[in-house]
Amino acid sequence: MNRLKIYNTLSRQKEVFIPIEEGKVGLYVCGMTVYDFCHLGHARVMVVFDVVVRYLKYLGYNVKYVRNVTDIDDKIIARALETNEDFSKLTQRFIDEMHQDEAALNVHKPNLEPLATESIDDIVNMIKALIDKGHAYIGNNGDAYYSVESFGDYGKLSGRELDDMQAGERVDIDINKRNPFDFVLWKSAKPDEPSWASPWGEGRPGWHIECSAMSTRCLGNHFDIHGGGMDLQFPHHENEIAQSQAATGERFVNTWMHNGFVRTDDEKMSKSRGNFFTVRDVLKRYRGEEIRFFVLSSHYRSPLNYSDEQLNEARSALERLYTALRSIEPMVNDVKSDYVRRFEDAMNDDFNSAKAISVMFECANELNKLKTSNPQLAAKTASDLLLMAQPLGLLSENPETFLQSTVGTNAAISNEEIDTEINKRLQAKSDKNWALADQIRDELNAQGVILEDSGKKTTWRR
RNA sequence: GGCUGAGUGGCAGAGUGGUUAUGCAGCGGCCUGCAAAGCCGUGUACAGCGGUUCGAUUCCGCUCUCAGCCUCCA
């Protein structure tokens with residue numbers, strides 16, 4: 001079998017994945033800043049890395065998955081001021097909302113979900129170490145800064161040189177910094193701001209340091225995979241590397257994974273642009289699994305354009321897969337089928353879920369044919385299809401339940417009423433009263449119910 | 001200005017130096033009382049211009065276009 005290859009942003013190529021400790025994987029993903037509902041961009045991160053974890057487990061790895069929550073920063077403070085509540089109340093509220101979105105998307109919980117505010121000791125200790133080693137300093141304003149010039153490899157991850165970057169082009173240069181690209185480790189508190197004690201006075205951590213501190217605490221100085229959205233590559237992840245490697249003297253992360261953006265109208269979906277759709281909103285019209293399928297229908301590093309058409313296609317595609325699985329009892333296949341092998345090849349190639357899904361469709365096609373010609377083999381093929389769906393977190397519902405679900409439809413008619421109508425129609429059919437049979441079918445159709453006759457039985461879906 | 005990445009058939013989206021992606025939509029057929037679902041068949045697709053090659057959508061160069069990062073952002 002092919003070995004798993006992962007595209008490493010650091011080397012800009014796919015590399016065979018070799019864990020630091022055999023059979024084990026440590027994975028850290030930068031999570032959400034919790035001051036608002038998650039949008040589809042966040043959904044993509046959740047789903048993509050959920051699949052990474054599921055597939056690593058499928059391959060037999062023991063995975064420790066850590067995804068942090070940023071629960072203190074400028075935007076949180078600003079929002080709490082607007083809503084006139086304690087910042088921790090605000091963040092707790094949106095942490096709960098985030099968990100609901102995750103559940104709707106069938107995203108497994110990470111093993112650990114550390115909060116920045118619960119990691120102040122680790123953060124302070126790391127800043128101390130950086131100051132002691134001459135990588136950080138206290139500015140005239142009392143803030144602690146990281147000195148980018150003290151770290152030789154600065155810019156390696158994002159492929160840029162300090163000299164090439166245009167400081168002050170879009171943001172005023174801070175006179176407290178020695179180098180304009182130096183970044184804040186500890187911010188001294190203004191009156192009425194939430195703050196914690198430190199050797200440098202009351203204040204709060206800068207954004208980047210929390211991830212260095214939390215990942216180190218949870219996974220050690222050196223771990224396997226660190227992930228997040230593309231936009232975190234610079235400066236966030238670059239700064240994490242600078243902090244961690246300067247503080248510990250060890251290599252920080254082996255493999256850096258970055259997922260592409262979700263777009264609307266070919267533009268990046270982001271809070272600052274205001275062109276985002278929240279997961280919550282989309283869930284009013286589409287099922288979580290449809291969103292999930294939409295996310296996985298393209299490669300994780302490619303841009304993903306959001307539109308209703310795309311979600312509708314995801315719905316049709318899932319209907320096809322669930323239809324294939326309908327009315328069949330899967331039977332575990334004791335040999336690895338060619339489909340599963342090809343599925344694994346696709347996933348081993350940097351988690352190519354789009355290609356992997358295409359194999360699932362070929363399998364579904366085979367299954368549809370076998371249903372009549374070879375029920376025994378069909379049962380095994382159904383099991384193959386479900387086996388492939390598992391690491392993708394798809395097809396976990398009962399096919400009948402999925403196909404008859406009212407989610408995303410404006411269904412008013414109940415299942416019982418539908419059954420009554422179907423029985424009436426079956427009578428009409430046996431009376432060869434085609435006019436009445438067709439009338440009943442048309443009426444149900446108008447209510448979003450599609451009938452399917454097969455032999456003497458009639459099944460339905462919405 | 002610096003640095004990334006991308007341009008594939010009606011749409012979405014994989015992939016490959018010469019052979020079917022896949023899904024949706026369309027067309028023809030089978031099945032069906034008629035449908036639906038399913039099955040079978042079906043499309044001069046690879047931004048443009050050069051180059052390498054027996055042969056390039058796939059490799060190289062240039063051009064054009066788009067997106068992203070260089071500020072908070074997944």
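These numbers come from a predicted model, not from an experiment. Letters go in sequence order (proteins before strands), and every chain restarts at 1. No hydrogens, no waters, no symmetry mates; every other heavy atom, side chains included, goes into these values.
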Side chain of [X] only, heavy atoms from C-beta on: which candidate in [options] is closest?
X	options	result
K355(A)	G68(B), A14(B), G2(B)	A14(B)
N259(A)	G13(B), A74(B), U22(B)	A74(B)
S298(A)	A74(B), G13(B), G23(B)	G13(B)
E267(A)	A21(B), G23(B), G68(B)	G68(B)

Ignoring hydrogens and angles, state whether a donor on the side chain of [X] or [Y] is under 3.5 Å from an acceptor on the partner side chain.
X	Y	answer
Y35(A)	D73(A)	no
E15(A)	Y7(A)	no
N239(A)	Y154(A)	yes

Remember a base hit wins even if backbone is also touched, and classify [X] as base, sugar-phosphate or nothing at under 4.0 Å, heavy atoms.
X	result
N445(A)	nothing
G229(A)	sugar-phosphate
H236(A)	nothing
K371(A)	nothing
R160(A)	base

Salt bridge flag under 4.0 Å for residues [X] and [Y]:
X	Y	answer
D36(A)	R280(A)	no
R292(A)	E289(A)	no
E102(A)	R67(A)	yes
K187(A)	E193(A)	no

| query | Within less than 4.0 Å of OP1 or OP2 of A14(B), is there a side-chain N or O belonging to S302(A)? | reply |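 So the side chain of S302(A) is within the cut-off, an N or O lying under 4.0 Å from OP1 or OP2 of A14(B).
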| said: So, OP1 or OP2 of G15(B): does either fall under 4.0 Å of a side-chain N or O from N352(A)? | reply: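 So the side-chain polar atoms of N352(A) do come within 4.0 Å of the phosphate oxygens OP1 or OP2 of G15(B), strictly under.
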| task | At under 4.0 Å between heavy atoms, which parts of nucleotides 29-40 of chain B does protein reach? Answer with one letter per nucleotide, 5' to 3': B base, S sugar-phosphate only, - none. | result | ----BBBBSSSS
| task | Would you kindly compare R273(A) and M32(A) by the position of their nearest RNA chain B nucleotide and give the one closer to the 5′ end? | result |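 The answer here is R273(A).
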